[in-house]
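Written out below as structure tokens is the structure these notes cover.
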Amino acid sequence: MEEKTANYTLVTDPKELPRVVNALEEAGAVGADTETTSLSPRDGEARLLQLATPDETFIIDLFEVRDISPLKEVLEGGPVKIFHNSKFDFQFLKELHGISAAPVFDTMLAAQLLDGGRQGAAYGLDAVAERYLDESPDKSEQRSDWSGKLTGRQLEYAARDAAVLLPLREKLLEALEAEELVRVSKIEFAAVSSIAEMELAGVKLDVGRWKELEKTVRERRDEAALALEAHFPEPEGVLPLEGLGPRLNLNSPQQITDAFRSIGIELADTKVWTLLKVDHPAARDLLRYRELQKKLGTYLETYPKFIHPKTGRIHASFLQCRVPTGRLACASPNIQQIPHEEEFRRCFVAENGYTLVIADYSQIELRILAEVSDDPAFVSAFQKGEDLHSLTAATMYGVSMEEVTKDQRSDAKRINFGLMYGRGAKSLSAQLGTDEARGRQLIDEYFNNYPKVQRYLQRTANRATRDRTLRTLAGRVRKFSNDPVEDDRGAMRREAMNYPIQGSSADIAKLALAYISRDLRGLDARLVNSIHDEFVVECREELAPEVSEKMRGAMTRAGERILEKVPVEVEVVVSREWTK
DNA sequence: GTTGTGGGCCAC
DNA sequence: AAACGTGGCCCACAAC
């Protein structure tokens, strides 16, 4: 049965699908949207699939037309599908209908790229349409009940949401072209399906191990709490029995500051750096307590709550264009910030019969610094496959590469990373445990050895101050606000120095995401985590050698697409646990 | 009760 | 006041 009104065609009969396919095949681009009964494809269903061509908008009632396999071919190839936040729709189509939408144009990602990492802007379809089309679609039906009998208002809303994407894409495409953001937008659009599938796959937590670890860390935490409390006197006039409850909240910086004052120690704050300078065992005990409390509260007690009852796995959310530099952010939970200690990482495992393949770029940000600065010593070190930290240490301390000690290499590593982030003599010397003059001296020597690195960093900061805009190697833009306070403090200069490095690394990583999924297609293998320069794939055990080589190849090619002079190196480890 | 903010700390 | 870039999250605390 087909019901046609001025605005849309409601499809409730599978026999109508061939006509929909024909119309889509003839369109150059299709506005596409879904209305769902839940925000998660694990907890709900897609009720409507709206497909808008310039001539006609189809609304397919998926409760009436359960099988949309006739649409599979045209949705997986053919005309570009325009979505707003395509990850969301992709996941419902993939999980519930086995369809991987491609190619896509995402109006939300496009708007975010055009804003150059501006914080706080709204990126709902209504806000973006208002900005680029001077009209604002009514979103009042967005959160309405899509599981029952649908009203005319709902259907009109649904049709409009898909149809508006056609003119919106045209405007955004013009803007992307004008701002030379087409290349990076293609990288983003190609990464969507990888990120969407990675979330769908989720990651397996070995709950037995995790609970065991929780128990031991809790015991350690309780011991640390007792040791810490013992430093502080009982309040006057409290009877022994009344003192049984917690008299001092050890998690409260305020109460901790008061408690330290009571034993004659004035704290400016209770940060690690401050406490390390305090020569009293209470400071040591507080740091120990904090470390364990953090692990217990943030990770051990929290992560099991995220295991989905249906899949038994943790499905984090990756936010594709939240971070101004282009990196992925991750939330609910953030599986990019699991403590690096083996006792934590070994709890993230592969299913029985499967294994993890863990691949990471070796020193990718330093390679990018070599590329963008074109410093001869830097570039040639990477071209020769030398260890850059050792080289830095050798030249700074005036010894040969073989003579470099562990400590010297470790100092050089801190300097290499620190200067990339705009670090100064004061904080560097503090980290290295030396005085400021020595820090200054080390930085000067460093820049003497790598003069083009210094020139690059200064020029980049200057350009950002002048133009208020910078680009990564793939052309991603960051716009810097004109904030005199930040300029004064040098914060903007440091952000500027870091942006092309961190941002180009993100360019490479996003390209790699797309390449990895493409190269693993057809194999029983899937991405399960992405941590900036590291990718974790879960695959059948017997596929590990093949998957390893495919990941290495995909990541290398992604790097080579962005870096012209400097080679990239990828390290691959196969393990049933997320350890190296 | 919910919401917002700041201190503090985990990752790369 | 701090002086290291990018995030997310826990907790305390205050306001509503």
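Letters A, B, ... mirror the listed sequences (proteins, then strands); counts begin at 1. FYI, side chains are in, hydrogens and waters are out, and symmetry mates aren't considered; it's all heavy atoms of this structure.
- A salt bridge links A/Arg218 and A/Glu214; the closest N-O separation between the charged side-chain nitrogens and carboxylate oxygens is under 4.0 Å.
- Distance, A/Tyr421 OH to C/dA2 P: 23 Å, rounded to whole Å.
- Distance, A/Asp269 CG to C/dA2 C1': 10 Å, rounded to whole Å.
- We find that CG of A/Leu267 is positioned 17 Å from P of C/dA1, with the value rounded to whole Å.
- For C/dC4 and B/dG4, the C1' atoms lie 27 Å apart once the distance is rounded to whole Å.
- Across the C1' atoms, B/dT5 and C/dA3 are found 23 Å apart, a figure rounded to whole Å.
- Place A/Arg327 and A/Thr298 on DNA chain C by their nearest nucleotides, and A/Arg327 ends up nearer the 5' end.
- Heavy-atom neighbours of A/Lys406 NZ from other residues, nucleotides or ligands within 6.0 Å: at or below the threshold of 12.
- Taking a cutoff of 4.0 Å between a charged side-chain nitrogen and a carboxylate oxygen, A/Glu538 and A/Lys204 do not qualify as a salt bridge.
- One atom, CG of A/Leu470, and another, P of C/dG5, lie 15 Å apart when rounded to the nearest Å.
- Listed for the A/Gln320 side chain is a donor-acceptor partner under 3.5 Å among the backbone atoms of A/Glu188.
- Between A/Lys305 atom NZ and C/dC10 atom C1' there is a gap of 11 Å when expressed in whole angstrom units.
- A/Glu301 has no carboxylate O lying under 4.0 Å from a charged side-chain N of A/Arg221, or vice versa, which leaves the two without a salt bridge.
- A sub-4.0 Å separation between OP1 or OP2 of C/dT6 and a side-chain N or O of A/Arg494 is absent.
- Taking the nucleotide of DNA chain C with the nearest heavy atom to each of A/Lys271 and A/His532, the more 5' of the two is matched to A/Lys271.
- Between A/Arg471 and A/Glu180, no side-chain nitrogen of the basic residue sits less than 4.0 Å from a carboxylate oxygen of the acidic one, so the salt-bridge criterion is not met.
- Nucleotide C/dG7 holds its P atom 16 Å from the CD atom of A/Gln320, rounded to whole Å.
- Just one residue in the list A/Tyr450, A/Tyr456, A/Phe447 forms a ring-ring contact (aromatic ring centres under 6.0 Å, His included) with A/Phe378, and that residue is A/Tyr450.
- In terms of phosphate contacts, A/Asn334 brings no side-chain nitrogen or oxygen within less than 4.0 Å of OP1 or OP2 of C/dG7.
- Here C/dC11 is the nucleotide among C/dA3, C/dC11, C/dT6 with the atom lying nearest to any side-chain atom of A/Gln293.
- Residue A/Arg322 has a polar side-chain atom (N or O) positioned under 4.0 Å from OP1 or OP2 of C/dG8.
- Annotation: B/dG6 and C/dA2 have their C1' atoms spaced 16 Å apart (nearest Å).
- In this structure, A/Ser252 reaches the C/dC13 phosphate: one of its side-chain N or O atoms is under 4.0 Å from OP1 or OP2.
- On the nucleic acid side, DNA chain B has its first and last nucleotide under 4.0 Å of a heavy atom of chain A at B/dG8 to B/dC12, going 5' to 3'.
- One finds a side-chain N or O of A/Gln255 lying less than 4.0 angstrom from the OP1 or OP2 phosphate oxygen of C/dC13.
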